Every structure is written in structure tokens, then in C-alpha cells.
Amino acid sequence: MNILAIETSCDETAVALVRAAGGLKNPRFQILADFVSSQIAVHRPFGGVVPNLAKREHAKNLPVLLKKILRTDSRIPNSADLIAVTVSPGLEPALWTGIEFAKSLFKNWRSKNPGIKLAGASHIEGHLYSNFLDGRFAPVFPNVSLVASGGHTTLLLMKNLTEMKKIGETRDDAAGEAFDKVARLLGLPYPGGPEIAKIAEKGNPEAVAFPRPMLDQKNYDFSFSGLKTAVLYRLRDNAAQINEQLKADVAASFQKAAVDVLVVKTIRAAKEFGAKTVTLSGGVAANKLLRDTLKKTVKKELPACRFHVPPLKYCTDNAAMIAAAAYFDFLRGKKRRLTASSTASF
Ligand code: KG4
Ligand code: ZN
């Protein structure tokens with residue numbers, strides 16, 4: 001199945017061409033072309049994503065990326081089996097740009113390619129299934145999957161390839177959002193995750209004993225806003241002494257606290273549900289401390305369990321993962337309305 005996938009849920013415009021095969025028995029993805037156009041420079045002066053600017057940039061970037069795709073394979077309007085587009089969750093004005101673009105492509109291509117289909121896809125499931133993109137994940141169930149991005153922090157339990165249940169989520173800020181907000185407090189540019197990770201390398205993770213919110217509660221939910229507020233107070237109380245070392249110490253201590261909570265809750269869920277595989281994905285999965293700590297902890301505490309995290313470029317937003325999510329929707333006969341929504345449905 002040749003899938004042209006479009007992703008515009010936030011601040012990355014992405015288009016990919018993916019060949020999916022193997023069905024539920026042996027799902028495989030060959031990424032034929034994969035383009036991402038980042039809007040970071042546009043949003044950076046505002047310290048975060050501005051929805052209407054995102055919409056304008058998506059409208060500008062989509063035709064450019066499509067041209068690049070057509071340059072890699074000019075036959076795709078005739079040979080594509082499916083156009084897949086993210087419909088939720090995300091910023092609605094941004095999502096609509098992708099949906100309208102996909103609809104008009106579908107209309108144009110259908111005259112020469114009557115078998116082509118158009119389908120909506122879930123961004124969170126895209127992150128979840130991004131684990132398949134490097135061809136190195138052997139799906140053994142049950143699987144516990146942590147999806148941590150700028151908009152979501154969700155723990156999913158998968159019984160098989162298509163049946164998933166949300167077992168936990170953040171009650172306030174998403175993990176990536178907490179990184180972004182703490183970065184802003186430290187005077188670092190957007191997006192904050194990579195900036196915090198960078199300055200944390202020079203800091204002491206034990207310097208400040210930040211709280212580990214909800215760690216002792218017997219559920220799989222997260223909360224990051226208290227941790228962010230603790231950083232705010234720490235900086236305010238030490239305003240006279242703020243220098244590069246103090247900032248690095250705060251960044252390292254915050255990163256350690258956030259990673260601790262994510263790892264402990266994921267491991268607890270994996271134990272409770274007898275997970276045979278643990279997966280990690282979403283933009284925050286690009287964080288080296290999180291990748292390394294979760295991998296090490298799975299190995300130590302669940303020796304029979306396998307761990308997988310996608311390569312860095314498939315952790316942050318991309319369209320190849322949307323093709324994968326659309327393929328699994330197709331395999332289980334799931335249809336989504338072509339309507340933008342800010343909330344996720346499972
Ligand atoms: O999945 P993603 O690209 O977009 C959303 O779906 O939100 O995730 C973006 C988020 C941002 O909050 C960004 O700061 C965070 O992922 N992020 C990181 C790192 N790289 C990106 N957070 C921590 N450490 C990183 N290295
Ligand atoms: Zn994302």
C-alpha cells in the first residue's frame with residue numbers, strides 16, 4: 001500500500017511517502033520520501049507556537065513539500081493507494097490546513113486514480129506506531145507505551161497491534177510543555193526541550209531537590225505544573241545569584257525530576273500489566289537522559305522485557321508516523337471523520 005501522509009498538527013509541516021506491507025501479521029514500512037519543514041524560527045520570537053502563524057506557514061509549506069515528493073516519484077498521483085492526514089489531536093487551525101490540502105489533492109488525483117482513498121489519522125497513534133519505522137521493533141504483547149510530546153503525556157497499554165487502552169495521562173502540563181516553560185524561565189529559546197538538555201550537561205542533577213509530582217499515587221497519571229512552579233520559586237528566591245552555573249544546575253535537576261517521574265510510572269505500569277515490551281515515543285523521547293534511563297531501568301527491573309525507542313528524527317513530529325497510524329487504522333477498519341479536533345480519541 002503506497003501512502004502519501006500529511007502532518008500539520010503543530011509547528012512542523014511534514015509530508016511523507018511510505019510503502020506499507022505485511023498486514024497485522026508482519027507490518028513493515030519502507031519510507032520512500034520524508035520531508036519536514038520546521039517553523040521554529042517563525043514561532044521563536046513569541047516563545048511558543050502561535051496557531052494562526054502555524055496555519056499560514058503550513059499553507060505556504062505544503063505545496064513546496066508536495067513538489068519535493070513529486071520530484072522523488074512523479075507517478076505517485078496515479079500509484080498512491082491512500083492519502084492520510086492528521087485530524088487530531090492538535091491545533092485546530094493548523095490541522096484544518098492539512099485536511100483541506102489533503103481533500104483537494106484527493107479530488108485532483110481521483111480522476112486519474114479512481115481507487116485512491118482518503119483517511120484521517122491520529123497524531124498520538126502516529127507517535128505510538130513510530131516505533132515501527134526503523135524496522136527493529138518486534139511487537140510482543142502486552143506492550144506498555146509512553147507517548148511524551150509537547151501536547152501530550154500518555155501511557156498506553158496495548159493488548160495487540162490495534163487494541164489500545166489509555167491507562168494514564170497528564171492532569172495538567174504535558175512533559176514537553178514543562179520543558180518548554182522551564183526553558184522560558186531560564187531565558188532559553190523555544191523549543192525548550194533540547195535547550196534544557198544542552199545546558200543540563202554542565203549542571204549537577206542533584207543540586208536542587210525538585211518535587212516528583214504524583215510519584216507516590218497508585219495511578220499512572222502525571223502532573224508537571226507543580227514541578228514548573230518549583231523551578232519558578234527557586235529562580236525567584238535566588239534571583240541575586242543567577243549565573244550560568246546556577247541555570248545549568250536548575251536545568252539538570254529539573255530534567256532529572258521529570259525523567260524520574262516518567263520512568264518510575266512507566267516501569268510500574270509495565271510491571272503491573274506484565275508487559276513484554278516497553279516503548280517510548282514523542283518529541284520528549286528525543287531526550288537522551290530519558291531514553292537511556294528508561295532503557296537501563298527496563299533492563300534492570302524487567303529483564304525479560306524488551307525496550308524500543310525510535311531514532312531521533314522519528315521522535316519529533318513527522319509524516320512517516322502518520323502513514324504508519326493510517327495503515328493500522330486501515331487494517332482494523334477504523335475510519336475517522338475528516339474534521340480537525342484538539343482532543344485525542346482512543
Ligand atoms: O512530538 P513533538 O515534536 O510535537 C508535539 O506533538 O507536541 O514534541 C515536541 C516537544 C517540545 O515540547 C520539545 O521541547 C520536546 O518535544 N523535546 C524535548 C527534546 N526534544 C524535543 N524535550 C526534552 N528533551 C529533548 N531533547
Ligand atoms: Zn507530536
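Whatever order the structure lists them in is the order used to number ligands and atoms, beginning at 1. Quick caveat, the model's predicted, so the values are computed rather than measured.
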Side chain His58, main chain Cys10, donor-acceptor under 3.5 Å: yes
Residues Tyr220 and Glu272: side-chain donor-acceptor under 3.5 angstrom: yes
Residue Asp317 atom name (nearest to the Zn ion (ligand 2); N/O/S): OD1
Residue selection (non-hydrogen contact nearest atom 19 (C) of ligand 1) among Ala258, Ala183, Cys315, Gly283: Gly283
Gly150, any N or O under 3.5 Å of ligand 1 N or O: yes
Protein contact of atom 6 (O) of ligand 1 - nearest heavy atom, named by residue and atom, plus distance: His123 NE2, 3.1 Å
Pair Phe254 and Phe179, ring centroids less than 6.0 Å apart: yes
The Zn ion (ligand 2) to nearest N/O/S of His123 less than 2.8 Å: yes
Arg306 atom CZ: more than 12 heavy-atom contacts under 6.0 Å: no
N/O donor-acceptor pair under 3.5 Å between Asp173 side chain and Phe224 backbone: no
Residue selection (non-hydrogen contact nearest atom 14 (O) of ligand 1) among Asp180, Leu289, Val49: Asp180
Side-chain donor-acceptor pair present, Asn219, Lys265, cut-off under 3.5 Å: yes
Any N or O of Phe179 closer than 3.5 Å to N or O of ligand 1: no
Distance-only N or O hit between ligand 1 and Gly176, under 3.5 Å: yes
Aromatic plane relationship, Phe137 with Phe132 - under 30° parallel, 30 to 60° tilted, over 60° perpendicular: perpendicular
Shortest protein contact, atom 18 (C) of ligand 1 (heavy atom only): Gly193 CA, 3.5 Å
Numbered atoms of ligand 1 (with element) below 4.0 Å of Ala286, judged on heavy atoms: 20 (N), 26 (N)
The Zn ion (ligand 2) reached by His127 (N, O or S, under 2.8 Å): yes
Sub-4.0 Å atoms of ligand 1 with respect to non-hydrogen atoms of His127: 1 (O), 6 (O)
Proximal candidate to atom 26 (N) of ligand 1 [heavy atom criterion; set Ile196, Thr86, Leu91, Asn287]: Asn287
Cys10 near ligand 1 by a heavy-atom separation under 4.0 Å: no
Ligand 1 atoms in contact with Thr316 (distance to a heavy atom under 4.0 Å): 3 (O)
Under 4.0 Å to a heavy atom of Gly151 - the qualifying atoms of ligand 1, by number: 7 (O)
Thr8 side-chain N/O to Ala94 backbone N/O, donor-acceptor pair under 3.5 Å: yes
Identity and distance of the protein heavy atom lying nearest atom 3 (O) of ligand 1: Asp317 N, 3.0 Å
Reference residue Asn143; test side chain to side chain donor-acceptor pair (under 3.5 Å); the match among Asn160, Thr277, Asn131: Thr277
Ring geometry between Phe29 and Phe328 (parallel below 30°, tilted from 30 to 60°, perpendicular above 60°): tilted
Residue Lys103 excluded, over 12 heavy atoms near NZ under 6.0 Å: yes
